[in-house]
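Encoded as structure tokens, the structure appears first; notes follow it.
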Amino acid sequence: MKQKAYTAAGVDIDLGNKVKATLPQLLAATHRREVLGKVGGFGGLFALDVKKYREPVLVSSVDGVGTKLKIAFAMDKHDTIGADLVNHCVNDIAVLGAEPLFFLDYLGTGKLEPHVFTEIIKGFARACAENNCSLIGGETAQMPGFYQAGEYDVSGTIVGVVEKSKMLNGQKTIKRGDVVIGIESSGLHTNGYSLGRKIFFEQLKYKPSSRVPGLKGTIGQELLKEHVSYGPLVQKLLKRFNPSRITHHASFGIRAFAHITGGGFVDNIPRVLPKTLDVVIRKGSWEMLPIFKLIETKSGVPDDELYQVFNMGIGMVSIVAADKAEAVLKFIKAQKHKAWIIGEVVKGRGEARVEASVTPSETMSVPTDD
């Protein structure tokens, strides 16, 4: 049978349809009762249950995975990339107090490889199920000649909801003397990979398969560790420390969250600060992950830049009322996340800065017992 002209040009529609036929089974675990219809229509349908809210506010975000994809290509391992993307998006709306409702993905590639497509979608589905978020639609584009052989790009859009009265707004609620709690990351998450790849593969001449003392796995395995989702933890914290009976924002125990992504502490924390207050982060107040110790000691990059590019082992910060700090810290640890008191809110101009650790006599007023 003669090959179709479009297939000869590099776009196999029939293969695309065959691969997409497996989607219903892959996405079954992400189904929420509000979802109408099936994946594959011109638009995904979601019937928001407005009876659950007095004033529901929809919160949306869109993101990609960046050059972390280069590590996935090098290792031919694609089952974590989808989860990275979902979890990053979940965290971005979680900082406003929103819970995720549904997610849509975009995958662009030169030639559609069925096993790669399936691995990526499995990652999307697994993370959506873990975050109680429905995967209700997406787009797969075959664009021969546009991407390097064996490469692809992914992006995702998430939509969530929050009750207007419970929405977090640090610019109104953060006070001088509030405490900053840092929650551990799994590694680089999805940021800083252009510099990370330069350090490891060009400067230090490692390969993805290289083993380095202090790291449990290979460099490649370390760099592919999944972006942690803090969404379920955030919802539990808000339920416990910002209960619905509290209507005055100043009474919230949890003042704000900041997702530590590209820009590190320096660029992300100011997004939730009032213009009259600063956050001081204390270096050395948390257990730094081995991958960041390696970067810090071997890269030659100044600390100021490292703390603005990488999360340095802290994937999410919570700014909390000082009198609630110990209880919040204990609660986070009980949810199996490592966390530390890493800073405080001081008078300033809406900036975040990272400073050397204080001496024992100058330690922060709130003790950090484990």
Side-chain angles (χ1 to χ4, degrees), residues 63-91 105 107-127 130 147-156 184-230 259-262 264 287-301 305-307 309-315 338:
D63 222 310
V65 179
T67 60
K68 185 173 189 174
L69 290 172
K70 289 279 192 183
I71 314 295
F73 304 153
M75 297 181 70
D76 192 23
K77 181 171 166 50
H78 311 278
D79 58 341
T80 58
I81 289 300
D84 281 323
L85 186 53
V86 172
N87 291 344
H88 186 130
C89 289
V90 166
N91 293 341
D105 70 90
L107 168 63
T109 187
K111 182 186 176 189
L112 188 62
E113 298 289 352
H115 81 281
V116 175
F117 175 87
T118 302
E119 282 191 26
I120 296 168
I121 301 297
K122 278 182 178 174
F124 286 143
R126 175 166 51 81
E130 287 167 2
Y147 293 93
Q148 299 278 353
E151 298 198 350
Y152 56 82
D153 194 16
V154 290
S155 67
E184 189 177 55
S185 69
S186 60
L188 275 65
H189 280 181
T190 49
N191 295 98
Y193 278 82
S194 294
L195 179 57
R197 288 183 305 111
K198 190 178 175 70
I199 291 167
F200 289 120
F201 305 134
E202 293 180 34
Q203 195 177 321
L204 300 176
K205 307 295 184 190
Y206 292 137
K207 296 184 176 71
S209 57
S210 298
R211 290 190 173 271
V212 180
L215 298 184
K216 287 180 181 174
T218 64
I219 288 282
Q221 287 169 335
E222 198 69 35
L223 292 175
L224 270 192
K225 281 189 174 173
E226 281 181 21
H227 196 130
V228 175
S229 170
Y230 302 100
H259 187 198
I260 308 304
T261 57
E287 295 168 25
M288 192 179 287
L289 293 167
I291 190 82
F292 293 112
K293 287 181 185 170
L294 190 60
I295 290 170
E296 197 170 45
T297 55
K298 300 270 183 132
S299 70
V301 177
E305 188 172 355
L306 292 181
Y307 283 81
V309 173
F310 300 111
N311 66 58
M312 300 307 284
I314 300 293
K338 282 190 175 181

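Just so you know, these numbers use all the heavy atoms, side chains as well, and skip hydrogens, waters and symmetry mates. Just so it is clear, the structure is predicted and the values come from calculations on it, not from any experiment.
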Could you pull out the closest heavy-atom pair between Asn311 and Ser185, with the gap in Å?
OD1-OG, 2.9 Å
Once rounded to the nearest 0.5 Å, what's the spacing between atom NE2 of His227 and atom CD1 of Ile81?
12.0 Å
List the atom of Ala127, the atom of Asn87, and the distance in Å for their closest heavy-atom pair.
CB-OD1, 3.7 Å
Side chains of Val154 and Asp105: closer than 4.5 Å at any heavy-atom pair?
no
Donor-acceptor contacts, no H, no angles, side chain residues 64-80, under 3.5 Å, sequence neighbours left out:
residue : atom : partner : partner atom : Å
Thr67   : OG1  : Ser194  : N            : 3.2
Thr67   : OG1  : Ser194  : OG           : 3.3
Lys68   : NZ   : Asp84   : OD1          : 3.1
Lys68   : NZ   : Asp84   : OD2          : 3.2
Lys68   : NZ   : His189  : O            : 2.9
Lys68   : NZ   : Lys225  : O            : 2.7
Lys70   : NZ   : Glu151  : OE2          : 3.1
Asp76   : OD1  : His78   : NE2          : 2.8
Lys77   : NZ   : Asp79   : OD1          : 2.8
Lys77   : NZ   : Asp79   : OD2          : 3.4
His78   : ND1  : Tyr152  : OH           : 2.8

Partner residues of Pro114 under the side-chain contact (heavy atoms from CB on, under 4.5 Å) criterion, sequence neighbours left out
Leu15, Val19
Would a 4.5 Å heavy-atom cut-off, applied to side chains only, mark Gln221 and Leu215 as touching?
no
Rounded to the nearest 0.5 Å, what's the gap from CD1 on Ile291 to CD on Glu296? Could you check?
13.0 Å
Phe200 side chain reached by Ile295 side chain, heavy atoms, under 4.5 Å
yes
Scanning both residues in full, the closest heavy-atom pair of His88 with His259 reads O-CE1, 3.6 Å
Non-neighbouring partners of Glu184 that pass side chain to side chain donor-acceptor pair (under 3.5 Å), sequence neighbours left out:
none
Distance (rounded to the nearest 0.5 Å) between Ile219 CD1 and Arg197 CZ
14.0 Å
What one should report as the nearest heavy-atom pair of Val90 and Ser229 is CG1-OG, 3.8 Å
Gap between atom CG of Leu112 and atom CG of Leu107 - 0.5 Å precision:
7.0 Å
Value for OG (Ser210) from CG (Leu204), rounded to nearest 0.5 Å, stands at 10.0 Å
Donor-acceptor pair, side chain of Asn91 and main chain of Tyr230, under 3.5 angstrom
yes
Residues Lys298 and Tyr206: closest non-hydrogen pair is NZ-OH, 4.3 Å
Nearest non-hydrogen partners of Gly187 and Phe292, listed with the distance:
O-CZ, 3.4 Å
Any side-chain heavy atom of Leu223 sitting closer than 4.5 Å to one from Leu188?
yes
